[in-house]
Amino acid sequence: MIKSNKLKIFNDPIYGFIRIPSTLIFDLIADPFFQRLRRISQMGMSYLVYPGAHHTRFHHALGCMHLMQRAIQVLRFKQVELTKEEEEGLLIAILLHDIGHGPFSHAMEHSIVEGVHHEHISLCFMEELNKRFNGSLTLALEIFNGNYPKKFLNQLVSSQLDMDRLDYLKRDSFYTGVAEGNTNAERLITMLNVVDGELVLEEKGIYSVEKFIMARRFMYWQVYLHKTGVAAEQLLMRILKRSKELILRGEVLDCSKNLLYFLENKVDINNFDLEVLIKFSKLDDIDILSAIKNWQECNDFVLSQLCQMVINRRLLHVKVKNEPISDAKLNKHFKKIKEKNNLTDEETNYFVFTGEIKNKAYNKEYQTINILKKNGKVSDVAKLSDYLNIKALSKTVTKYYICYPKDYV
């Protein structure tokens with residue numbers, strides 16, 4: 001019997017009412033570690049391209065939990081055995097799967113801490129919560145890590161057709177207004193089944209899968225890898241890099257105590273302990289934006305200019321090509337900016353640079369989406385689909401970009 005909680009449902013603009021299924025999950029949502037996700041944007045700097053994209057990791061986590069509740073209902077209806085303990089473990093695993101994201105989500109994943117992926121930080125948070133909640137997250141941790149005997153439970157949390165992807169495509173499509181990214185999550189979930197302990201999709205759902213994979217491709221090129229968003233995220237990373245350099249030289253920069261810790265200290269996988277985790281848990285978008293606003297006024301030309309570009313949305317000019325950017329083109333812009341502003345080569349690198357963006361809509365090397373045919377056989381969607389693009393979408397597409405200032409620097 002659920003205790004009487006003050007809040008048992010959330011009203012979500014995508015799915016309507018999302019209910020909280022247990023007291024433990026209510027208490028996890030109420031925990032400061034999880035509440036922090038209200039202050040972490042889901043889509044990094046994409047709001048500079050799509051003004052509506054201000055939704056948070058908090059929204060996304062609740063949406064994933066809601067879809068998981070639907071998936072559990074569907075699988076139970078199809079006689080797939082799921083205990084109450086497994087259900088709660090599954091819901092906790094998906095609820096907390098992104099709890100390790102830092103400020104602006106993916107935009108700064110390797111800027112604040114070096115070489116520590118958000119998945120590892122999520123695991124650290126879950127292990128600490130497991131201690132605080134007297135071991136009640138043990139099953140969720142086994143599912144999250146892929147150590148639980150029922151493989152399909154982990155696949156519902158992390159695979160090519162997991163609840164995470166179903167929610168973020170639908171949610172990000174809604175908040176950006178990019179209709180091509182909208183997927184029929186309800187239809188896909190209704191077609192789920194389990195064969196030999198693995199997650200499959202029934203054959204009549206194959207066209208929904210095709211649309212899902214195409215929607216993912218559209219969202220990556222149109223939204224997640226949009227050239228202006230890429231340029232803004234690069235500026236953000238360069239702001240953090242420059243601020244670290246200045247602090248190492250002994251300069252004083254005004255920012256929050258917790259952000260200062262990560263600027264002054266090299267944090268990597270070897271020293272990411274509980275003390276660091278607690279400091280990390282107190283960082284969010286507000287720390288970064290507050291620092292950037294303050295640093296607009298600093299004496300360092302590079303840092304102040306980078307910060308003004310982000311705050312005033314006077315971003316770098318970006319050109320995207322199918323071929324690598326030539327040295328001649330890079331050097332032309334590099335020389336122009338260097339001479340105009342009397343900068344060193346190192347300083348000019350902050351304003352003129354090249355990079356590449358990659359997209360693979362369907363990664364069959366990582367894991368296939370398996371279709372259950374009417375005759376009981378299971379096959380990869382890429383083999384069954386009469387939509388030729390599915391095979392093409394299994395290939396990595398690489399594009400190359402160059403960023404440089406317009407005339408105002």
Side-chain angles (χ1 to χ4, degrees), residues 12 14-16 18-19 21 60-95 97-98 139-140 142-144 146 148-171 173 181-216 219 361-364 366-385 387 390 393:
D12 182 73
I14 313 288
Y15 310 118
I18 295 175
R19 67 184 180 83
H60 169 57
L62 292 177
C64 290
M65 184 186 73
H66 170 75
L67 291 182
M68 191 66 85
Q69 288 173 302
R70 287 288 301 118
I72 289 165
Q73 282 177 344
V74 165
L75 292 176
R76 281 207 175 122
F77 180 75
K78 294 177 182 178
Q79 310 303 310
V80 176
E81 192 184 328
L82 265 165
T83 67
K84 286 299 284 180
E85 292 75 23
E86 286 167 346
E87 176 183 354
E88 188 162 71
L90 202 47
L91 293 173
I92 291 170
I94 196 67
L95 182 74
H97 78 285
D98 269 348
L139 182 56
E142 285 182 33
I143 293 169
F144 182 80
Y148 196 68
K150 292 184 179 177
K151 194 174 176 185
F152 74 91
L153 296 182
N154 173 260
Q155 289 168 340
L156 285 165
V157 176
S158 178
S159 67
Q160 298 248 34
L161 196 62
D162 56 31
M163 299 307 108
D164 174 34
R165 291 185 184 193
L166 288 182
D167 181 79
Y168 77 63
L169 286 174
K170 197 169 184 66
R171 189 168 299 277
S173 164
N182 192 10
T183 57
N184 192 342
E186 185 68 28
R187 167 78 174 165
L188 286 163
I189 289 171
T190 304
M191 294 297 113
L192 288 177
N193 212 326
V194 174
V195 173
D196 296 332
E198 301 232 6
L199 199 64
V200 297
L201 207 86
E202 290 162 5
E203 191 172 13
K204 51 194 170 184
I206 193 165
Y207 297 115
S208 299
V209 175
E210 288 175 354
K211 185 175 185 300
F212 164 78
I213 294 171
M214 285 304 294
R216 196 161 180 265
M219 287 298 285
Y362 178 52
N363 187 355
K364 59 183 182 182
Y366 161 61
Q367 203 173 58
T368 55
I369 296 176
N370 288 323
I371 302 296
L372 175 63
K373 297 202 285 187
K374 290 184 178 70
N375 63 9
K377 289 184 179 175
V378 173
S379 190
D380 176 9
V381 67
K383 290 177 183 170
L384 289 181
S385 174
Y387 193 50
I390 297 286
L393 293 174

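The figures here come from the full heavy-atom set of this structure, side chains too, leaving out hydrogens, waters and symmetry mates.
Using a distance-only test at 3.5 Å, with no hydrogens or angles considered, no donor-acceptor pair links the side chain of His66 to the main chain of Gly63. Of the possible donor and acceptor atoms, none in the side chain of Asn193 sits under 3.5 Å from a partner among the backbone N and O of Leu201. With hydrogens and angles ignored, the 3.5 Å screen pairs a side-chain donor or acceptor of Lys78 with a backbone N or O of Leu192. Distance alone, capped at 3.5 Å, is enough to place a donor-acceptor pair between the Arg76 side chain and the Leu82 backbone.
Smallest separation of non-hydrogen atoms from Gly181 and Ala215: O-CB, 3.7 Å. Of all non-hydrogen atoms in Leu91 and Met65, the two that sit nearest each other are CD2-O, 3.7 Å. Summarising the geometry of Arg216 relative to Tyr168, their closest heavy-atom pair is NE-OH, 3.4 Å, with the distance given to 0.1 Å. Here the closest non-hydrogen pair linking Val194 and Val200 is N-CG2, 4.1 Å. Between Lys374 and Glu203, the shortest heavy-atom distance links the atoms N-OE1, 3.2 Å. Phe144 approaches His97 most closely through the heavy-atom pair CE1-CA, 3.7 Å.
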Could you walk me through whether Ile94 and Leu156 pass the side-chain contact (heavy atoms from CB on, under 4.5 Å) test, one step at a time?
-> CA-CA 8 Å; Ile94 196 67; Leu156 285 165; over 6 Å; no
What do the steps show when you test Asp167 against Tyr15 for side chain to side chain donor-acceptor pair (under 3.5 Å), and what is the final call?
-> CA-CA 10 Å; Asp167 181 79; Tyr15 310 118; 2.7 Å; yes
Take Asn370 and Val195, measure what side-chain contact (heavy atoms from CB on, under 4.5 Å) needs, and give me the verdict at the end.
-> CA-CA 10 Å; Asn370 288 323; Val195 173; over 6 Å; no
Full working for side-chain contact (heavy atoms from CB on, under 4.5 Å) between Arg187 and Lys204 = CA-CA 10 Å; Arg187 167 78 174 165; Lys204 51 194 170 184; 4.2 Å; yes
Chi angles and distances behind the side-chain contact (heavy atoms from CB on, under 4.5 Å) call for Arg165, Leu161 = CA-CA 7 Å; Arg165 291 185 184 193; Leu161 196 62; over 6 Å; no
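Rounded to the nearest 0.5 Å, atoms CD (Glu86) and CZ (Phe152) are 6.5 Å apart.
A side chain to side chain donor-acceptor pair (under 3.5 Å) with Lys170 is found for one member of Thr183, Asn184, Asn182 and no other, namely Asn182. Looking at Asp162, Asp164, Leu90 one by one, the single match for side-chain contact (heavy atoms from CB on, under 4.5 Å) with Val157 turns out to be Leu90.
Contact annotation: the side chain of Leu166 approaches that of Met163 to within less than 4.5 Å [non-hydrogen atoms, C-beta and beyond].
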